[in-house]
Amino acid sequence: MTDLHTHILPGMDDGARDVTQSVAMLRMEREQGLKAVVLTPHFYSDRESIEHFLLRRKRSFSELTCRLEQLPGEEYKTLPALYLGAEVAWRSELLEKEELPLLCIGQTKNMLVELPFTPWTDGTIKQLYELIVCFGITPVIAHLERYLDRQDPKIIRKLLELDVPIQISCAAFEGFFVRRKVMKLLREGYTCLAASDCHDCTCRPPDMDMALKVIRRKLSENKVSELVCCADELARGN
Ligand SMILES: [Fe+2]
């Protein structure tokens, strides 16, 4: 099982503030049965270049892996496997960046994309289509539940028709109204993946276990396995 959306890398964004907190979050992921975690710090192209972001991410990742290797009793071997990625705040200008594929998850052509909170238009959908066709990149749409009441349902339908994977935050499975909408999407056959979008150990913690309990209660075991496998494949690129 893979957590596809996390802010565990230390000092990168509003997630883990230091490496101690990163390790604590990874332990929580392990206790919940996660075998892999994708590290997806925020990337904002209006604040820094892709090159600068990758350099910061590399430093942060080295700091984390160094600490993990120093854990007693080779504990690091029991922790989830780590993949590098980014939560890319979508801007149309990104389509002009040749280095864009470097923000994909691990060695894959899958990219976690955070769409704007301003109204989406047909142009937004067209840009995502261009991302797929021109770059061969599959956008994984981050936390769709946050947009369900903010965006025109017709545009959301057009997004779903692109048949791209949709990520839903685990916390969304706690609230009755959002959960009902998400479960409807799942039953309609859209690829909706639960991921924690964890930022710390307390306020926005790794909480995959809670979401999976709800999904298991509402859906068949086959459907649950399908969703779990899909998240694994998006991280590994199988
Ligand atoms: Fe996030």
Side-chain angles (χ1 to χ4, degrees), residues 1-19 21-22 24-26 28-29 32 34 36-48 50 53-54 56-57 60-61 64 80 82-91 94 100 102-106 108 110-118 120 124 128 131 137-151 156 159 164-175 178-179 182 191-212 227 230-231 234-235:
M1 190 163 56
T2 302
D3 189 354
L4 212 64
H5 183 171
T6 72
H7 297 270
I8 289 179
L9 269 185
M12 281 296 291
D13 54 14
D14 55 344
R17 65 180 177 278
D18 57 32
V19 75
Q21 193 172 40
S22 305
M25 291 166 82
L26 284 172
M28 290 176 79
E29 296 275 26
Q32 294 174 34
L34 275 296
V37 161
V38 184
L39 306 162
T40 54
H42 289 288
F43 170 69
Y44 299 104
S45 60
D46 55 337
R47 297 185 196 168
E48 67 181 332
I50 294 177
F53 170 81
L54 293 175
R56 283 199 307 121
R57 191 182 69 174
S60 171
F61 186 60
L64 176 59
L82 303 178
Y83 295 90
L84 285 169
E87 179 178 8
V88 180
W90 185 252
R91 293 167 66 90
L94 285 168
L100 190 58
L102 298 173
L103 298 173
C104 287
I105 298 169
T108 75
N110 305 317
M111 179 187 288
L112 184 67
V113 170
E114 180 181 45
L115 290 174
F117 289 94
T118 50
W120 302 344
T124 315
L128 293 175
L131 180 66
I137 290 176
T138 300
V140 179
I141 308 301
H143 41 61
L144 183 77
E145 77 282 355
R146 290 199 205 168
Y147 307 97
L148 291 176
D149 290 329
R150 294 174 193 226
Q151 301 290 347
I156 291 189
L159 171 72
V164 292
I166 299 296
Q167 181 258 309
I168 304 290
S169 302
C170 294
F173 289 89
E174 284 181 290
V178 178
R179 184 173 66 219
V182 172
T191 309
C192 296
L193 308 149
S196 73
D197 194 7
C198 58
H199 281 65
D200 53 41
C201 296
T202 49
C203 297
R204 298 176 72 183
D207 54 0
M208 288 283 282
D209 54 348
M210 182 276 298
L212 280 174
L227 296 177
C230 185
L234 284 170

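We use all heavy atoms of the structure for the numbers below, so side chains are in, but hydrogens, waters and symmetry mates are not. We count ligands from 1, going down the list as the structure has it; atoms in each ligand are counted the same way. What you see is a predicted model; the values in this text were computed from it and never measured.
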If I consider every N, O or S atom in [X], which one ends up closest to the Fe ion (ligand 1)? I only need its name.
X: D197; result: OD1
X: H5; result: NE2
X: E87; result: OE1

Tell me, please, which residues at least two apart from D46 pass side-chain hydrogen bond (donor to acceptor under 3.5 Å, both in side chains).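 For D46 there are no side-chain hydrogen bond (donor to acceptor under 3.5 Å, both in side chains) partners, ignoring immediate neighbours.
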Using the side-chain hydrogen bond (donor to acceptor under 3.5 Å, both in side chains) criterion, which residues pair with Q151? Sequence neighbours excluded.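 Here no residue qualifies.
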Could you tell me if E114 and H5 have a donor-acceptor pair between their side chains, going purely by distance under 3.5 Å?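 There is no such pair between these side chains.
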Distance (rounded to the nearest 0.5 Å) between I141 CD1 and T191 OG1: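 So the gap between those two atoms works out to 12.0 Å.
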Below 2.8 Å, can you find an N, O or S atom of H199 next to the Fe ion (ligand 1)?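 No, since none of the N, O or S atoms of H199 sits under 2.8 Å from the Fe ion (ligand 1).
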